[in-house]
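Contents: one structure, followed by commentary.
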Amino acid sequence: MSVKISPSVLTADFLTLADDIKRLEAAGCDMLHLDVMDGAFVPNISFGVPVIKSIKAHSTIPLDVHLMIDKPHRYIKEFAAVSDWLGFHFEAGSNNAELLQEIRNLGCKSCLTIKPCTAPQEIFSLLPLCDMVLVMSVEPGFGGQKFMPSALEKLSALRGEIERQGLKVELEIDGGINGETAPLAVKSGATVLVAGSYIFSDEMTDRVKYLKSL
Ligand code: DX5
Ligand code: ZN
C-alpha cells in the first residue's frame, strides 16, 4: 500500500484553487487537507465552513479537515456536514473521547491531532476511537515552517502502540514535509503525508508523484 497524500491548500492562491484541485485530482491525491484556524487556538485566521462547502461541491477528493480552533465541540456538526475526515486538537479544550465518538456518529472518519508539546503516550487510551492520528511536525498556525525531527519518534511510538492494540489507524504527519523529510516520516510509520508549500509550486504534479512513490 502506497502512502496517501493530502495537500494543504493553506498557501494556495484561492482565486486559482479550482484549477489546482483538478491538477491534484489528476495527479492521484488521496485527500485534500483544509486548515481551519480561529485566531485563538493558533495565532492565525484562515477559513471556515462556507469555503469548505464550495470546495466540496467542486471536488471528488475526500476532504481532510484539520480544526485548529478552541473548544471544537461547539462547531462539530457544521464541520462534519462538509468533511470526510474530521480532526481536532487534543489540547483544544473539548472532551476528546466524546468528540471522537460524535464525529463517527455524524458519519465522518475521526482524527485526533497532537501539537509538538504533547507526548504520544497521552493519547494511547483514545486510539480505539480514532480513524486517524495527526502528528504536528511544526507549531500549528502557519505554512512554510521547518520540520521538527522530534515528530519522528512520536510517529514510531504511535505506530508501535497502534499495532500492539491491533487497531487500524492512519498516521498522518503535517508541517515541513518536503522531498527530504517525507521519506523519514514514512520510515517512522506515517501513512498519510500533508504537504502545503512543497506541493503548491510549479512542480505540483511531479512532487505529488514523488511523494506517492515513497
Ligand atoms: C500548519 C498547517 C499545515 C500547513 C502545512 O498549521 O496545519 O497543514 O499548511 O504547510 P507546509 O507543508 O508548508 O509546512
Ligand atoms: Zn494542517
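Each ligand, and each atom within it, is numbered from 1 in the order the structure gives.
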- Query: Ile199 and Val208: side-chain contact (heavy atoms from CB on, under 4.5 Å), yes or no, with the steps?
  - Reply: CA-CA 7 Å; Ile199 286 182; Val208 170; 4.0 Å; yes
Is [Y] paired with [X] through a side-chain N to carboxylate O contact shorter than 4.0 Å?
| X | Y | value |
| --- | --- | --- |
| Lys109 | Asp64 | no |
| Arg23 | Asp20 | yes |
| Glu102 | Lys77 | yes |
| Asp30 | Lys212 | yes |

Of the protein's non-hydrogen atoms, which lies at the shortest distance from [atom], and what is that distance?
| atom | value |
| --- | --- |
| atom 3 (C) of ligand 1 | Asp174 OD1, 2.9 Å |
| atom 6 (O) of ligand 1 | Gly141 N, 2.7 Å |
| atom 9 (O) of ligand 1 | Ser8 OG, 2.8 Å |
| atom 12 (O) of ligand 1 | Gly196 N, 2.8 Å |
| atom 10 (O) of ligand 1 | Gly143 CA, 3.5 Å |
| atom 1 (C) of ligand 1 | Phe142 O, 3.5 Å |

Is it the case that more than 12 heavy atoms not belonging to [X] sit under 6.0 Å from its [atom1] atom?
| X | atom1 | result |
| --- | --- | --- |
| Phe124 | CZ | yes |
| Glu153 | CD | no |
| Lys146 | NZ | no |

Minimum-distance atom from the Zn ion (ligand 2) among N, O or S atoms of [X]:
| X | answer |
| --- | --- |
| Asp174 | OD2 |
| Asp35 | OD1 |
| His66 | ND1 |

Is there at least one pair of N or O atoms, one from [X] and one from ligand 1, spaced under 3.5 Å apart?
| X | result |
| --- | --- |
| Ile177 | no |
| Gly176 | yes |
| Gly144 | yes |
| Pro140 | no |
| Asp35 | yes |

Interfacing atoms of ligand 1 (cut-off 4.0 Å, heavy-atom, Ser197):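 This gives 11 (P), 12 (O), 13 (O) as the contact atoms.
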Requested in this report: Establish, yes or no, whether the cationic atom of Lys115 lies under 6.0 Å from the six-membered ring centre of Phe41 and within 45° of the ring axis.
Outcome: yes
Going by the 4.0 angstrom heavy-atom rule, the piece of Tyr198 near ligand 1 is neither
Practice item. Check whether any side-chain heavy atom of Tyr198 sits under 4.5 Å from a side-chain heavy atom of Thr181, and report yes or no. Key: no
